Amino acid sequence: MAIAEESMSNIKEKIQDLAEVYYQDTITNRRHLHQHPELSFEEYNTSAFIQQILRDLNIPFSMMANTGIVAEIKGDIPSDKVLALRADMDALPITEVEGRSYGSQNPGVMHACGHDVHTSSLIGVAKILNDLKGELAGTIRLIFQPGEERLPGGASLMIKEGALKNPEPIGIVGQHVMPFLETGTVGFRSGKYMASCDELFMTIRGKGGHGAHPHQNIDPIAISAQIITALQQIVSRSADPRIPTVLSWGKIIGNGATNIIPEEVYMEGTFRTFDEVWRAEAHEKMVKLAEGIADSMGATCEFEVRKGYPFLINEPGITEASRAYAEDYLGKDKVVELDLWPAAEDFSYYSQEISACFYRLGTGNKAKGIQSAVHTSTFDIDEEALKISIGLMSYIAFRYLSA
């Protein structure tokens with residue numbers, strides 16, 4: 001075995017040992033955060049909690065985007081390399097199921113997307129790498145980010161305020177819980193991984209009246225149906241079939257009655273894809289088509305496209321390196337290939353700026369009945385995953401800076 005390989009083998013053992021040491025602390029921190037969730041851009045107590053831990057560890061930090069935190073661990077071995085690690089802190093407006101000892105104490109707010117896991121894990125990583133900074137070459141930048149769940153996305157604000165500057169990191173790594181993967185496994189995908197996400201708001205205004213006299217009215221419900229059907233042609237006939245594209249309407253309000261044609265219909269939906277050029281073209285096509293149909297039928301259409309997060313791309317270099325480190329740390333059989341995922345994540349903003357790797361942490365356990373999807377009131381994790389989350393991210397970071 002080469003000297004470098006021997007050294008990394010020792011580092012792996014040290015990280016595994018430290019992951020054991022800080023495992024219970026990570027559980028405690030995760031449960032504290034789970035009990036005290038805060039909505040997007042309101043993470044004041046969460047931020048204060050993290051700041052105090054960083055002070056206790058003598059890790060310097062600065063504030064960004066109001067509640068966001070950027071901290072740095074400088075290794076004792078001289079190197080200009082900086083690697084960023086990111087965790088999001090915000091919770092969702094969901095009421096958690098009752099009966100959990102660590103359940104939310106903030107009514108109507110819940111860590112239903114695992115951000116308590118991400119934050120407590122990055123705290124654990126900070127402890128491990130801070131203990132190993134005597135053997136660390138370069139700098140670890142810890143990004144505790146607000147507002148992932150709400151536009152414009154805390155990542156965009158952190159970037160604007162300099163989270164990726166002075167100096168620019170060579171890459172950024174993030175992890176996200178995945179209840180559909182069993183605890184003990186992780187997933188990677190190089191290239192395009194998650195979709196862009198835009199919010200659609202449309203109002204069709206016609207002329208209301210008695211349902212028995214449709215010829216005297218301009219029916220916005222019938223016009224809305226035409227528009228909904230026609231817009232799907234953009235997905236099926238205008239989109240390159242090699243570019244996954246999703247258009248879904250989740251809210252339609254036409255507040256008439258059995259015999260009343262309403263004055264207007266209001267709709268909300270989402271548009272998602274994996275190509276920024278096509279995304280912009282589709283926005284124009286949707287608006288033009290909807291307005292044209294409404295106008296041809298005597299109605300008006302107000303169509304707002306609220307641009308959300310871009311698509312997320314995992315740069316192959318850092319992603320394949322991280323995958324290899326994960327296989328070394330966990331075993332090849334514990335690392336799986338991920339499919340394209342049409343959900344959106346504001347980590348995508350980082351991926352549009354620098355080399356990025358966003359991987360999935362398995363947190364499910366069928367034997368324990370832990371299978372609920374994120375964004376549900378019953379979501380939970382197998383806390384055994386926390387030992388993996390803090391150890392693996394520490395190992396990936398250490399190896400990547402040492403490469």
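What you see is a predicted model; the values in this text were computed from it and never measured.
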> Is it the case that atom CG in D80 sees more than 12 heavy atoms from other parts of the structure closer than 6.0 Å?
no
> Among side-chain atoms of Y102 and D380, is any donor-acceptor pair under 3.5 angstrom?
yes
> For the atom pair CG (L85) and OG (S121), what is the distance rounded to the nearest 0.5 Å?
11.5 Å
> Mark yes or no for whether R279, through its side chain, and A282, through its backbone, hold a donor-acceptor pair below 3.5 Å.
no
> Does the E149 side chain pair with the main chain of L39, one donor and one acceptor, at a distance under 3.5 Å?
no
> Taking all non-hydrogen atoms of both residues into account, name the closest pair between G114 and F379 and its distance.
N-CE2, 3.7 Å
> Between R242 and D275, does at least one N-O distance fall below 4.0 Å, as a salt bridge requires?
no
> Does S156 reach the main-chain N or O of P152 with its side chain, forming a donor-acceptor pair under 3.5 Å?
yes
> So, E168 and R141, do they make that salt bridge, N to O below 4.0 Å?
no
> Would you find a donor on one side and an acceptor on the other, under 3.5 Å apart, between the side chain of T229 and the backbone of Q226?
no
> Looking just at side-chain N and O atoms, do S47 and Q51 make a donor-acceptor pair shorter than 3.5 Å?
yes
> Backbone N or O of V117 within a donor-acceptor pair of the S120 side chain at under 3.5 Å?
yes
> Please determine if R360 forms a cation-pi arrangement with W341, meaning its NZ or CZ atom is less than 6.0 Å from the six-membered ring centre and no more than 45° off the ring axis.
yes
> Is H115 reaching over with its side chain to a backbone N or O of P146, donor-acceptor style, under 3.5 angstrom?
no
> Once rounded to the nearest 0.5 Å, what's the spacing between atom NZ of K127 and atom OG1 of T26?
6.5 Å
> Working to the nearest 0.5 Å, report the span between CD1 of I140 and NZ of K74.
11.0 Å
> Does a side-chain heavy-atom distance below 4.5 Å link V70 with S62?
yes
> Can you name the closest pair of heavy atoms from A290 and F303 and give their distance?
CB-CD1, 3.6 Å
> Verify side-chain contact (heavy atoms from CB on, under 4.5 Å) between L200 and E304, making sure each step is shown before the conclusion.
CA-CA 6 Å; L200 311 178; E304 178 191 0; over 6 Å; no
> Do you know which two heavy atoms are closest between I73 and A126, and how far apart they sit?
CD1-O, 3.6 Å
> Determine whether the side chains of E320 and S190 contain a donor N or O and an acceptor N or O closer than 3.5 Å.
yes
> Inspect the surroundings of CZ in R31 and state if more than 12 heavy atoms from other residues, nucleotides or ligands are less than 6.0 Å away.
yes
> Given side chains that start at C-beta, do those of L386 and I381 come closer than 4.5 Å, heavy atoms only?
yes
> Salt bridge (charged side-chain N to carboxylate O under 4.0 Å, His left out): which pairs involve residues 389-398, sequence neighbours left out?
none
> Report yes or no: does T67 contribute a side-chain atom to a donor-acceptor pair with the main-chain N or O of F41 at less than 3.5 Å?
no
> If you measure from CD on E38 to CG on N45, what distance do you get to the nearest 0.5 Å?
4.5 Å
> Are any non-hydrogen side-chain atoms of F311 and S348 less than 4.5 angstrom apart?
no
> Which atoms form the tightest heavy-atom contact between Y349 and G308, and what is the distance?
OH-O, 3.6 Å
> Where do E20 and K387 land on the salt bridge (Lys or Arg N to Asp or Glu O under 4.0 Å) test, with the steps shown first?
CA-CA 7 Å; E20 287 282 354; K387 190 184 302 181; 3.3 Å; yes
> Checking T183 against E384: is there a side-chain donor and acceptor pair closer than 3.5 Å?
no
> State, yes or no, whether a side-chain contact exists between M89 and I50 at a heavy-atom distance under 4.5 Å.
yes
> What's the spacing between R306 CZ and T270 OG1 if we round to 0.5 Å?
12.0 Å
> When the ring planes of Y193 and F358 are compared, do they come out parallel, tilted or perpendicular, using 30° and 60° as the limits?
tilted
> Verify side-chain contact (heavy atoms from CB on, under 4.5 Å) between E337 and R323, making sure each step is shown before the conclusion.
CA-CA 10 Å; E337 176 72 12; R323 185 201 301 261; 2.9 Å; yes
> I'd like to know if the side chain of E263 reaches the main chain of G208, judged simply by a donor and an acceptor atom lying under 3.5 Å from each other, with no hydrogens or angles considered.
yes
> Measuring only between side-chain heavy atoms, which start at C-beta, is H210 closer than 4.5 Å to Q216?
no
> Side chains of S351 and N314: closer than 4.5 Å at any heavy-atom pair?
no
> Looking at D116 and R30, does any basic side-chain N land under 4.0 Å from a carboxylate oxygen?
yes
> Determine whether the aromatic ring centres of residues Y359 and F188 are separated by less than 6.0 angstrom.
yes
> Does a sphere of radius 6.0 Å around CD in E284 hold more than 12 heavy atoms from other residues, nucleotides or ligands, not counting ones at 6.0 Å or beyond?
no
> Would you say NZ of K81 has more than 12 non-hydrogen atoms from neighbouring residues, nucleotides or ligands within 6.0 angstrom?
yes
> Does T300 reach the main-chain N or O of I204 with its side chain, forming a donor-acceptor pair under 3.5 Å?
no
> Salt bridge (charged side-chain N to carboxylate O under 4.0 Å, His left out): which pairs involve residues 361-377, sequence neighbours left out?
K368-D382
> If every non-hydrogen atom of L92 is compared with every non-hydrogen atom of A112, which pair is closest and at what distance?
CD1-CB, 3.9 Å
> Give a yes-or-no answer on whether the side chains of N255 and Y266 include a donor-acceptor pair shorter than 3.5 Å.
no
> Is the side chain of D90 donor-acceptor paired with the backbone N or O of E148 at a distance under 3.5 Å, no angle test?
yes
> Is it the case that more than 12 heavy atoms not belonging to K12 sit under 6.0 Å from its NZ atom?
yes
> Here's a test for you: under side chain to side chain contact (heavy atoms under 4.5 Å, CB included), which of I170, V82, I396, T139 qualifies with L401?
I170
> Between H283 and F271, what is the ring plane arrangement, given parallel below 30°, perpendicular above 60°, and tilted in between?
perpendicular
> Apply side-chain contact (heavy atoms from CB on, under 4.5 Å) to the pair C301 and M202, showing each step before the final yes or no.
CA-CA 7 Å; C301 172; M202 182 161 41; 3.5 Å; yes
> Side-chain contact, heavy-atom cut-off 4.5 Å: I234 with L231?
yes
> Would you compute the distance between atom CG of D346 and atom CE of M158 and round it to the nearest 0.5 angstrom?
10.5 Å
> Determine, using ring centers only, whether F347 and Y350 are less than 6.0 Å apart.
yes
> Can you give me the closest heavy-atom contact between E345 and Y309, atom names plus distance?
C-CD1, 3.6 Å
> Counting C-beta onward and ignoring hydrogens, is there a side-chain heavy-atom pair between T46 and H36 closer than 4.5 Å?
no
> Return yes if a side-chain donor-acceptor contact under 3.5 Å exists between E135 and N10, otherwise no.
no
> For T319 and R189, what are the C-alpha separation, side-chain angles and deciding distance, and is it a side-chain contact (heavy atoms from CB on, under 4.5 Å)?
CA-CA 7 Å; T319 302; R189 181 183 182 87; over 6 Å; no
